[in-house]
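Structure provided below as structure tokens; questions to follow.
Just so you know, these numbers use all the heavy atoms, side chains as well, and skip hydrogens, waters and symmetry mates.
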Amino acid sequence: MIEKSVSPLREELHQQLIGRDRRHVWHPFSAATSGSDLIAIESARGAVLQTADGRELLDCISSWWVNLFGHAHPRIAAAVAEQASRLEQVIFAGFTHEPAIQLAESLAGLLPGDLNRVFFSDDGSTSVEVALKMAAQYWQNIGKPERRRVMAFEGGYHGDTLGAMSAGASSGFFEAWRRWMIEVDVMPFVDTWQDDAKIQAREAEALATLDRFLEQHADEVAVMIMEPLVQGASGMRMCRPQFVVGVIERLRRHDILIVFDEVMTGFGRTGENFACDVVGVQPDLICLSKGVTGGFLPLGVTVASDRIYDSFAGAGQTMFCHGHSYTANPLGCAAANASLQLLQLPETRKSWQRIEAAHRDGLKQVSRHQLATRLRQQGTIAALNVRVDDPGYRSQIGQQLKQWFWHPHDSIDDVLIRPLGNVVYLMPPYCMNDEQLETAWTSIDRALELIMETP
Ligand SMILES: Cc1ncc(COP(=O)(O)O)c(C=O)c1O
């Protein structure tokens, strides 16, 4: 059971903090007026966040999908502290350091095939920008500048910078900037769920659409970017590995470069180290961030195949004119190295299996509700849609559920579950124990009951 009591003194302190925040701080993906709902977090350990007013909140979404092994993990914290006392930052053009070299070696070893060339940036969005820019320049490097088109899946989300927004425009978040974006060809994405009787027919139809597009335009296409297996931000939409394989086979036939955006799916979320391991294919470029540092520090990584890198390194030496002030920040790299060591412990895989089993039971538990539809799971991610009249990211039910989950409520434990509109999902840190997983599922089950009871 999660600690719920709030002392008046701490509540007052909390209110003061929120008041100060409201005067100067602008929050991401939050309505400018939503400050009264804010919760100040004072500290965190394992899967539990401690609020400034003394409550405990169970972090069921790994704090926006970044945390892997629990908050304040002592091994990662120690690695960062040790690195901070030795070298906190150095320019990465013309200089290098051991933490970055070690991280590049480890990633090249973990990733499939010849994904050997590691380029560092700051976050998920920049890792995507880098991948798209590398793909664009690759075709110029090898004398095929006519290959300029970019393909993406409908519903894909790839970040908030201009190139990433363009690739993810169909996610629906970016209408305000549509006229600023580059043109992207959007292909149908076929999501699926338990007892989806029509999946094969829908996949066949989508692949036929792709075939028709490629018949006309394949020679003009530079690259296709995709979130493999799970589209995160557009509602934890999951597809079958077979579907991804079908798409990849077609792209390969036309020598189109493939970018896997594994910013969210990387580092064990889908039941293997990376979604590309589940699917069994090697992309030309892979984008990583979020979990790469175990959730401690911002870091983006784009890993390219030898073929891409060699086009920059051959005769004539073409420069990739991209770099950030904090490229390969040693603190981020140190956190990532410690996190990758934890990732490779046998216990970690056992945790994935334990969470997967808890999700299976949890989905079964909530399947009794008429309102729970499209139940689905991929590895340690589980999701369902709440049946509502206004589905989608702006669904009213999302706000209602946040109120129930985040703020003190008589019959629901305090849990950080942040629905994507009418989509409720869990993506816990791997340290979440069975009792906490049960708390998470019971909270969802109870919330579904409350929706039924609410007139
Ligand atoms: C698949 C995917 N790509 C890219 C991004 C952007 O990452 P960031 O928010 O770190 O820029 C996200 C963020 O949620 C993501 O889920």
Side-chain angles (χ1 to χ4, degrees), residues 26-32 64-66 119-139 147-189 191 213 217 220-237 239 247 256-266 275 283-290 292 298-302 304 320-327 392-394 398 418 420-421 423:
W26 197 340
H27 288 265
F29 279 96
S30 308
W64 245 354
W65 323 340
V66 299
F119 191 94
F120 295 102
S121 59
D122 294 348
D123 50 43
S125 305
T126 53
S127 75
V128 166
E129 295 292 334
V130 166
L132 294 175
K133 286 172 74 174
M134 279 179 178
Q137 197 174 340
Y138 166 82
W139 290 110
R147 288 255 196 181
R148 277 206 307 268
R149 293 179 94 118
V150 176
M151 294 165 66
F153 272 135
E154 168 266 320
Y157 171 86
H158 301 286
D160 301 340
T161 49
L162 263 179
M165 281 201 298
S166 307
S170 67
S171 63
F173 294 112
F174 307 125
E175 275 318 300
W177 305 282
R178 194 169 271 280
R179 291 173 64 185
W180 294 49
M181 295 180 190
I182 57 167
E183 207 180 305
V184 169
D185 299 299
V186 178
M187 297 298 123
F189 178 82
D191 59 331
F213 175 82
H217 300 293
E220 304 154 41
V221 179
V223 61
M224 177 157 185
I225 183 166
M226 65 185 77
E227 289 169 275
L229 291 182
V230 186
Q231 290 190 331
S234 64
M236 295 300 150
R237 299 170 79 207
C239 71
V247 171
I256 293 168
L257 295 180
I258 296 155
V259 177
F260 272 15
D261 175 355
E262 294 223 35
V263 166
M264 185 274 280
T265 53
D284 300 286
L285 291 144
I286 188 166
C287 306
L288 304 169
S289 188
K290 292 197 182 274
V292 68
L299 184 71
V301 182
T302 308
F320 182 56
C321 287
H322 188 111
H324 300 276
S325 312
Y326 284 95
T327 296
Y393 188 73
R394 288 173 183 81
R418 188 175 186 273
L420 295 156
V423 175

Inset, instruction - Answer whether the closest heavy-atom distance between the side chains of Leu420 and Met236 falls below 4.5 Å. - result: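 In contact.
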
Legend entry - Inter-residue atom distance Met187.CE - Glu154.CD, 0.5 Å rounding: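 These two atoms lie 11.0 Å from each other.
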
Inset, instruction - Please confirm whether the backbone N or O of Met151 pairs with a side-chain atom of Asp185, one donor and one acceptor, at under 3.5 Å? - result: no

Inset, instruction - State the CG-CG distance between Leu285 and Leu257, to the nearest 0.5 angstrom. - result: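 Rounded to the nearest 0.5 Å, the CG-CG separation comes out at 6.5 Å.
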
Legend entry - Close side-chain approach of Val247 to Phe153, heavy-atom, < 4.5 Å: yes

Inset, instruction - Go through the structure and list residues passing side chain to side chain contact (heavy atoms under 4.5 Å, CB included) with Glu129, not counting sequence neighbours. - result: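 Residues passing side chain to side chain contact (heavy atoms under 4.5 Å, CB included) with Glu129: Thr161, Ala164.
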
Inset, instruction - Taking all non-hydrogen atoms of both residues into account, name the closest pair between His324 and Ser121 and its distance. - result: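 So the minimum-distance heavy-atom pair works out to CD2-CB, 3.6 Å.
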
Inset, instruction - Flag the pair Met264 / Tyr157 as yes when at least one side-chain heavy-atom distance between them is below 4.5 Å, and no otherwise. - result: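 Result no, sub-4.5 Å side-chain heavy-atom pair not found.
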
Legend entry - ring-ring contact (aromatic ring centres under 6.0 Å, His included) involving Phe260 - partner list, sequence neighbours excluded: none

Legend entry - Check: Thr302 side chain, Ser127 main-chain N or O, donor-acceptor pair, under 3.5 Å: yes

Inset, instruction - Mind jotting down which residue pairs meet the salt bridge (Lys or Arg N to Asp or Glu O under 4.0 Å) criterion with at least one end in residues 156-170? Sequence neighbours excluded, please. - result: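 Every candidate salt bridge (Lys or Arg N to Asp or Glu O under 4.0 Å) pair involving residues 156-170 fails, so no pair, neighbours aside, qualifies.
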
Legend entry - From CE (Met226) to CZ (Phe189), nearest 0.5 Å: 9.5 Å

Legend entry - Any donor-acceptor N/O pair, Ser234 side chain to Gly155 backbone, under 3.5 Å: yes

Legend entry - From CH2 (Trp177) to CG (Leu162), nearest 0.5 Å: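 Between atom CH2 of Trp177 and atom CG of Leu162 there are 9.5 Å.
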
Inset, instruction - Might you point out which heavy atoms bring Ala152 and Ala167 nearest each other, and give the distance in Å? - result: CB-O, 3.4 Å

Legend entry - Between CD on residue Glu220 and CD1 on residue Ile256, distance to nearest 0.5 Å: 10.0 Å

Legend entry - Member of Asp123, Val128, Asp122 meeting the side chain to side chain contact (heavy atoms under 4.5 Å, CB included) criterion with Ser125: Asp123

Inset, instruction - Can you run down the salt bridge (Lys or Arg N to Asp or Glu O under 4.0 Å) pairs that involve residues 166-176, sequence neighbours left out, and say none if there aren't any? - result: Glu175-Arg178

Inset, instruction - State whether the side chain of Arg147 and the backbone N or O of Val221 hold a donor-acceptor pair below 3.5 Å, judged by distance alone. - result: yes

Inset, instruction - Could you go through the side-chain contact (heavy atoms from CB on, under 4.5 Å) check for Val150 and Ser166 one step at a time? - result: CA-CA 9 Å; Val150 176; Ser166 307; over 6 Å; no

Legend entry - Results of ring-ring contact (aromatic ring centres under 6.0 Å, His included) for His217 - residues two or more places apart only: Phe213

Legend entry - Over 12 non-hydrogen atoms of neighbours within 6.0 angstrom of CZ in Arg148: no

Inset, instruction - Apply side-chain contact (heavy atoms from CB on, under 4.5 Å) to Met134 and Phe119, showing your working. - result: CA-CA 10 Å; Met134 279 179 178; Phe119 191 94; 3.6 Å; yes

Inset, instruction - Would you confirm whether Ser289, through its side chain, and Gly124, through its main-chain N or O, come within 3.5 Å as a donor-acceptor pair? - result: yes

Legend entry - Close side-chain approach of Arg418 to Trp64, heavy-atom, < 4.5 Å: yes

Inset, instruction - Can you label the angle between the Phe320 ring and the His322 ring as parallel, tilted or perpendicular, going by 30° and 60°? - result: parallel

Inset, instruction - Indicate the atoms forming the closest heavy-atom contact of Val423 with Gly235, along with that distance. - result: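 Nearest heavy atoms, Val423 then Gly235: CG1-O, 3.5 Å.
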
Inset, instruction - Would you please name every residue forming a side-chain hydrogen bond (donor to acceptor under 3.5 Å, both in side chains) with Trp65, sequence neighbours left out? - result: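 For Trp65 the side-chain hydrogen bond (donor to acceptor under 3.5 Å, both in side chains) partners, ignoring immediate neighbours, are Tyr425.
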
Legend entry - Donor-acceptor contact present, side-chain Thr327 to main-chain Gly323, <3.5 Å: no

Inset, instruction - Determine yes or no for a side-chain-to-main-chain donor-acceptor pair under 3.5 angstrom, with Ser170 supplying the side chain and Gly168 the backbone. - result: no

Legend entry - Backbone N/O of Ile286 and side chain of Glu262: donor-acceptor pair under 3.5 Å: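 No: the side chain of Glu262 does not pair with the backbone of Ile286.
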
Legend entry - Gln231 side, atom CD; Asp191 side, atom CG - distance, nearest 0.5 Å: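 Reported to 0.5 Å precision, the distance equals 7.5 Å.
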
